[in-house]
Visitor: 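Dropping the structure in here first, questions after.
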2 protein chains.
Amino acid sequence: MQKQEILSKNQKIILDLIEKSDQPLKAYSILFDVKKKGINAPLQVYRALNKLVKIGKIHKIESRNAFIACKNSKCQIAKATVFSICESCEDVTEIHDHKLSEHLRDFKDNKGMKYNKYNLEFFGLCKKCI
Amino acid sequence: MQKQEILSKNQKIILDLIEKSDQPLKAYSILFDVKKKGINAPLQVYRALNKLVKIGKIHKIESRNAFIACKNSKCQIAKATVFSICESCEDVTEIHDHKLSEHLRDFKDNKGMKYNKYNLEFFGLCKKCI
DNA sequence: TAACGCTGTGTAATAATATAACATATTTAA
DNA sequence: TTAAATATGTTATATTATTACACAGCGTTA
């Protein structure tokens, strides 16, 4: 059984918006879109985004400063993310590859570091853009 | 034989600074440091950084908006980077792991995407901070 | 050698991304 | 039922990055 997070009003509004988009959204474009719902300030958006990232409902695409919904219902905490990013059309897809995840999960460096999270971004050209 | 890039004045100044630091530097902290050398504007810094990233002399740590020198002399083009980042002391280390690199290089998704680059960031606690 | 393309420089202005600080409200848990 | 934790709303500001314009140097080539 997984813990069901109860989202606040702002968090719900912003998660809804992100889930409706299959592509990453940027904070200020979210802000623009939710102004009609009474969310007026960047900080209100960032606070909700941070929470949603923390509970694994969305992921941040670090190289793009943008946020995408997590389609994997099992992904309750954002600790292992892999994305492919088309450098031409900027299409982003979350990747769930069992074998790859295994390799990443099992990776040990030689410095005795204790990992609890990783983020991998692949860049290239998607089928349409090749 | 690898192509030897000839760096311009600003590029050299900024690469020198980054190479002297074993930790990532942020653009505006670089700007502050190179003002005494006559580099006065953010754009001058960003232009040099972009070029240095392009030719593989430095890497950008995407999750931190910071730049670190590449210690791997073979790494002439920045196309396959792996870092470990301590979330407590923010220490960053570039990882060269042959087996991991192989897995990543060989990864194929099922969408027919053509990859030419990836960036992987591991997060956790380093030995000192555990 | 003149015209051109390419790369780099310098400067000002501004855009885009993100957080600090403060006051208050609401929910949760002891 | 009070304290702690979480969320809200607002203003201001910090941080990161780019646009736009003018021009300089260098190698090619016509």
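For clarity, every value in this text was computed on a predicted model and none was experimentally measured. Order of the sequence lines fixes the chain letters, A, B, ..., with proteins taken first and strands second; residue numbering starts at 1 for each chain.
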Visitor: Can a donor-acceptor pair be found, under 3.5 Å and without considering hydrogens, that links the side chain of K26(B) to the backbone of R64(B)?
Guide: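 Yes: the side chain of K26(B) pairs with the backbone of R64(B).
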
Visitor: With the 4.5 Å side-chain cut-off for hydrophobic clustering, are F107(B) and F107(A) part of the same group?
Guide: yes

Visitor: Within a strict 4.5 Å, meaning less than it, do heavy atoms of the I14(A) and I30(A) side chains meet?
Guide: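 They are in side-chain contact.
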
Visitor: Does N40(B) make a side-chain N or O approach to OP1 or OP2 of dT9(C) shorter than 4.0 Å?
Guide: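 Checking dT9(C) against N40(B), no side-chain N or O comes under 4.0 Å of OP1 or OP2.
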
Visitor: Got a donor-acceptor contact below 3.5 angstrom from the D106(A) side chain to the L104(A) backbone?
Guide: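 Not a single qualifying donor-acceptor pair exists.
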
Visitor: Whole-Å distance between dG8(C) P and K54(B) NZ?
Guide: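 The answer, rounded to whole Å, is 8 Å.
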
Visitor: Should S8(A) be listed as having a side-chain N or O under 4.0 Å from OP1 or OP2 of dT6(D)?
Guide: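 Checking S8(A) against dT6(D): no side-chain N or O falls below 4.0 Å of OP1 or OP2.
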
Visitor: Using a 4.0 Å heavy-atom cut-off, does Q44(A) contact any base of the nucleic acid, only the sugar-phosphate backbone, or nothing at all?
Guide: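 Answer is base: heavy atoms of Q44(A) come under 4.0 Å of a base.
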
Visitor: Heavy-atom nearest nucleotide on DNA chain C for I39(B) versus R47(A): which residue maps closer to 5'?
Guide: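 In this pair, the answer is I39(B).
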
Visitor: Starting at CD1 of I6(A) and ending at P of dT6(D), how long is that distance when rounded to a whole Å?
Guide: 14 Å

Visitor: Specify the separation, in whole Å, of atom CD1 of I14(A) and atom C1' of dA18(C).
Guide: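 The distance from CD1 of I14(A) to C1' of dA18(C) comes to 14 Å, rounded to the nearest Å.
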
Visitor: As an exercise, state the distance from OH of Y115(B) to CD1 of I85(A), rounded to the nearest 0.5 Å.
Guide: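 Result: 9.5 Å between the selected atoms.
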
Visitor: Give a yes or no on whether K36(A) atom NZ has more than 12 heavy-atom contacts from other residues, nucleotides or ligands under 6.0 Å away.
Guide: yes

Visitor: Given the rule that I, L, V, M, F, W and Y join up when any side-chain heavy atoms are under 4.5 Å apart, are L120(A) and F122(B) in one cluster?
Guide: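 Both belong to a single hydrophobic cluster.
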
Visitor: Between protein and nucleic acid, restricted to nucleotides 13-19 of chain D and to nitrogen or oxygen atoms under 3.5 Å apart, what atom pairs and distances do you find?
Guide:
from    : atom 1 : to     : atom 2 : distance (Å)
dT16(D) : OP1    : K26(B) : NZ     : 2.3
dA17(D) : OP1    : K60(B) : NZ     : 2.7
dA17(D) : OP1    : N65(B) : OD1    : 3.4
dA17(D) : OP2    : Y46(B) : OH     : 3.1
dA17(D) : N7     : Y28(B) : OH     : 2.7
dA17(D) : N6     : Y28(B) : OH     : 3.1

Visitor: Nearest whole angstrom, please: distance from the P of dT6(D) to the CD1 of I55(A).
Guide: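 After rounding, the reported distance stands at 13 Å.
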
Visitor: Could you state the atom-to-atom distance from CG of L7(B) to C1' of dT9(C) in whole Å?
Guide: 15 Å

Visitor: What is the separation between atom NZ on K37(B) and atom P on dG10(C), rounded to the nearest whole Å?
Guide: 14 Å

Visitor: Taking OP1 and OP2 of dA7(D), is either one under 4.0 Å from a side-chain nitrogen or oxygen of K9(A)?
Guide: no

